[in-house]
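What follows is one structure encoded as structure tokens, with my remarks underneath.
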Amino acid sequence: MTVRTRFAPSPTGFLHIGGARTALFSWAYAKKHGGKFILRIEDTDVERSTPAAVQAILDGMAWLGLDYDEGPFYQMQRMDTYKKVLQSMLENGTAYHCYCSKEELEALRESQMQQGLKPRYDGRWRPEAGKALPQVPPDIQAVIRFKNPQTGSVVWDDLVKGRIEISNTELDDLIIARADGTPTYNFCVVVDDFEMGITQVIRGDDHVNNTPRQINMLMALGATIPQYAHLSMILGDDGQKLSKRHGAVSVMQYHADGYLPEAVLNYLARLGWSHGDAEIFNRQQFCAWFDLDHITPSAAQFNSEKLNWLNAHYIKEIDINLLASDITERLQANKIAPSAAPCLNNILALYRERANNLNQLAKDIAYFYVLPTASAEDVGKHITPEIIPAMQTLSEKLTSIDWTAEAIHREINAVVTQYALKFPKVAMPLRVMLTGTAQSPSIDQVMALLGQKETLTRIQSHLA
RNA sequence: GUCCCCAUCGUCUAGAGGCCUAGGACACCUCCCUUUCACGGAGGCGACCGGGGUUCGAAUCCCCGUGGGGACGCCA
């Protein structure tokens with residue numbers, strides 16, 4: 001049987017880091033087994049679903065390079081199918097109408113909680129042989145409930161958590177269609193997983209409790225039960241649960257924050273999954289290695305430091321032209337247009353080795369295209385009155401040489417010798433004058449890239 | 001409250017009864033490289049939640065605690 005996995009987000013917000021990992025694992029599992037990966041948008045919550053959120057999910061997946069073989073399917077467009085299944089369940093007695101009002105149910109829940117019981121529907125409208133049902137109230141629109149088995153238990157062998165058994169006495173008759181007739185989550189999932197032939201359901205472990213209900217419905221529909229793999233949640237950097245208010249950032253936020261998708265992907269892959277000691281691996285390698293056996297059942301805490309480390313790695317690795325176009329966008333976002341003169345590719349070749357963030361990288365090289373302003377502190381510390389004569393001499397020497405890093409280096413050395421100084425005594429003021437900061441790669445290389453004219457202009461402006 | 005799940009360095013993890021004096025990675029510390037800051041290289045610090053079993057032998061299996069988390073919607 002060919003593997004078919006799916007990612008089924010609800011479009012009520014952006015694609016966050018936990019959802020992205022779920023998608024990644026489902027995607028990788030399908031790739032690994034030569035199967036199909038399906039994207040299904042679970043938009044049956046009309047109140048909260050938005051087209052913007054759908055787009056955000058699509059964008060997030062595209063950015064990470066998670067392509068799907070089928071879909072996106074939208075549940076709201078599959079109403080006819082659900083209605084049909086609902087009707088047949090009503091007919092064969094696996095579902096029934098319930099006329100309880102929301103207030104009635106609320107009261108029931110409350111009293112059960114008070115008694116220390118697990119709140120659940122008491123089955124007052126559940127048809128039973130020889131049981132008299134209440135009078136149908138005229139003013140209430142019925143919901144449809146699934147007639148869950150009341151004895152026995154549901155058992156499945158979870159691919160990450162192992163065997164899980166839940167007694168049917170823990171379950172109640174859940175609502176599968178609202179009063180307005182729209183089907184609810186648990187029902188749509190079941191119908192879709194069945195009809196789409198999903199073989200492995202890989203999802204967050206907040207769904208563990210839904211699984212027995214879904215299995216019961218699947219059985220009522222005569223479906224083959226898929227395998228389930230429940231992934232533990234991802235905690236924030238501080239060990240706290242991720243929430244909209246607390247660190248659950250959109251994957252696109254990582255793009256905005258200067259991360260390469262390769263780094264985020266690699267990081268996410270290692271969060272809860274491992275392949276021996278392997279830490280760095282690309283998409284292809286991951287797909288070849290991925291399996292459900294090496295997923296950790298416990299929750300994982302997000303660690304930005306490690307993401308930074310991976311980002312640094314991929315900034316070094318990425319194709320220089322791709323890096324240049326990314327950095328160009330970031331420069332432009334800061335109203336800086338990289339000109340042809342100092343070649344961006346060459347600048348990046350020099351700077352990528354030391355960067356771990358694209359925004360920082362763009363910021364660090366901005367001085368090539370826009371005149372930097374050094375802090376008074378750096379100026380005062382490095383451009384001292386004593387060094388001015390040496391700088392003046394250097395400036396003169398630099399006017400008549402071949403503009404290469406080697407030649408520049410020779411001239412600096414000559415001045416260092418002439419004035420009996422240490423190399424940094426000359427290099428540091430140059431750094432401050434040319435880059436506006438006290439940190440940069442080798443100053444001779446910086447000068448070579450900056451160009452003779454611009455270099456001399458900047459030096460002179462500090463000597464005048 | 002009820003049900004379910006989880007538990008190895010600060011963090012991510014390796015670990016399928018002897019390969020474990022518990023390995024790797026991030027972070028941190030030291031040193032080296034050096035033209036500043038980084039990068040890179042070499043070292044270092046640092047963990048099996050507790051208690052009982054089972055076994056010749058347990059990080060690994062079982063039980064009980066403890067701690068954490070999740071679920072209990074006409075949300076998904």
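Only heavy atoms go into these numbers, but all of them, side chains included; no hydrogens, no water, no symmetry mates. Reminder, nothing fancy here: chain letters follow the sequence lines and each chain counts from 1. Everything numeric in this text was worked out from a predicted model, so none of it was measured.
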Could you identify the nucleotide paired to B:rC26, looking across every strand shown and requiring Watson-Crick or G-U wobble geometry with both distances under 3.5 Å?
B:rG10

When both hydrogen-bonding distances must be under 3.5 Å and the geometry is Watson-Crick or G-U wobble, what is B:rA59 paired with, if anything?
none

note: A:M433, atom CE; B:rU36, atom C1'; distance rounded to Å ~ 15 Å

Would you say the side chains of A:D173 and A:W125 form a donor-acceptor pair under 3.5 Å?
no

What is the nucleic acid contact for A:K316, judged by heavy atoms within less than 4.0 Å: base, sugar-phosphate only, or nothing?
sugar-phosphate

A:Y228 has an atom OH; how far is it from atom C1' of B:rC5, in whole Å?
17 Å

Same-atom distance (C1') from B:rC5 to B:rC9, integer angstrom:
24 Å

Residues A:Q200 and A:T5: side-chain donor-acceptor under 3.5 angstrom:
no

So what does A:A179 touch, heavy atoms closer than 4.0 Å: a base, only the sugar-phosphate, or nothing?
base

Using atom CD of A:Q112 as one end and atom C1' of B:rC3 as the other, report the distance to the nearest whole Å.
14 Å

Taking the side chain as everything from C-beta on, heavy atoms only, tell me whether A:E42 gets closer than 4.5 Å to A:V189.
yes

Using a cut-off of 4.0 Å on non-hydrogen atoms, how would the nucleic acid contact of A:E279 be classed: base, sugar-phosphate, or nothing?
base

Contact class for A:T44 vs. all strands (heavy atom < 4.0 Å): base, sugar-phosphate, or nothing?
sugar-phosphate

First of A:W273 and A:I412 reached from the 5' end of RNA chain B, by closest nucleotide:
A:W273

Taking the nucleotide of RNA chain B with the nearest heavy atom to each, does A:S440 or A:L271 sit closer to the 5' end?
A:L271

How is A:D172 classified with respect to the nucleic acid when contacts are heavy atoms under 4.0 Å: base, sugar-phosphate, or nothing?
nothing

Sugar-phosphate, base or nothing in reach of A:V208, heavy atoms under 4.0 Å
sugar-phosphate

How would you label the contact of A:C100 with the nucleic acid (heavy atoms, under 4.0 Å): base, sugar-phosphate, or nothing?
base

Take the protein atom CG of A:N356 and the nucleotide atom C1' of B:rA38, then report the distance between them rounded to whole Å.
10 Å

B:rC4 phosphate, OP1 or OP2, under 4.0 Å from A:H230 side-chain N/O:
no

Just checking A:P297: base, sugar-phosphate only, or nothing, at a heavy-atom cut-off of under 4.0 Å?
sugar-phosphate

With a cut-off of less than 4.0 Å, is there a side-chain N or O of A:R109 near OP1 or OP2 of B:rG73?
yes

Using a 4.0 Å heavy-atom cut-off across all strands, classify A:H382 as base, sugar-phosphate, or nothing.
nothing

Aromatic ring centroids of A:Y267 and A:H313 under 6.0 Å?
no

With a non-hydrogen cut-off below 4.0 angstrom, is A:P9 in contact with a base, only sugar-phosphate, or nothing?
nothing

Return the value, rounded to whole Å, for the distance between atom CG of A:N186 and atom C1' of B:rA71.
12 Å

Spacing of A:I175 atom CD1 relative to B:rC74 atom P, expressed in whole Å:
4 Å

Between the side chains of A:D172 and A:K118, is the shortest nitrogen-to-carboxylate-oxygen separation below 4.0 Å, so that they form an ion pair?
no

Without decimals, in angstroms, what is the distance between A:R21 CZ and B:rC12 P?
11 Å

What does A:D444 touch in the nucleic acid at a heavy-atom separation under 4.0 angstrom: a base, only the sugar-phosphate, or nothing?
base

Just checking A:K161: base, sugar-phosphate only, or nothing, at a heavy-atom cut-off of under 4.0 Å?
sugar-phosphate

Reckon A:G204 touches a base, only the sugar-phosphate, or nothing at all at heavy-atom distances under 4.0 Å?
nothing

Atom CG of A:D238 to atom P of B:rC12: distance rounded to whole Å?
12 Å

Taking only side-chain N and O atoms of A:S442, does any of them lie within less than 4.0 angstrom of OP1 or OP2 on B:rU35?
no

Salt-bridge test for A:K381 and A:D378: reply yes if a basic N is under 4.0 Å from a carboxylate O, no otherwise.
no

For A:H409, answer base if it contacts any base atom (sugar-phosphate contacts may also be present), sugar-phosphate if it contacts only those atoms, and nothing otherwise; contact means non-hydrogen atoms under 4.0 Å.
base

Considering Watson-Crick and G-U wobble pairs with both distances under 3.5 Å, what does B:rG65 pair with?
B:rC49

Could you give the distance separating B:rA14 and B:rC3 at their P atoms, to the nearest angstrom?
31 Å

Classify the ring geometry of A:F281 against A:F286: parallel below 30°, tilted from 30° to 60°, perpendicular beyond 60°.
parallel

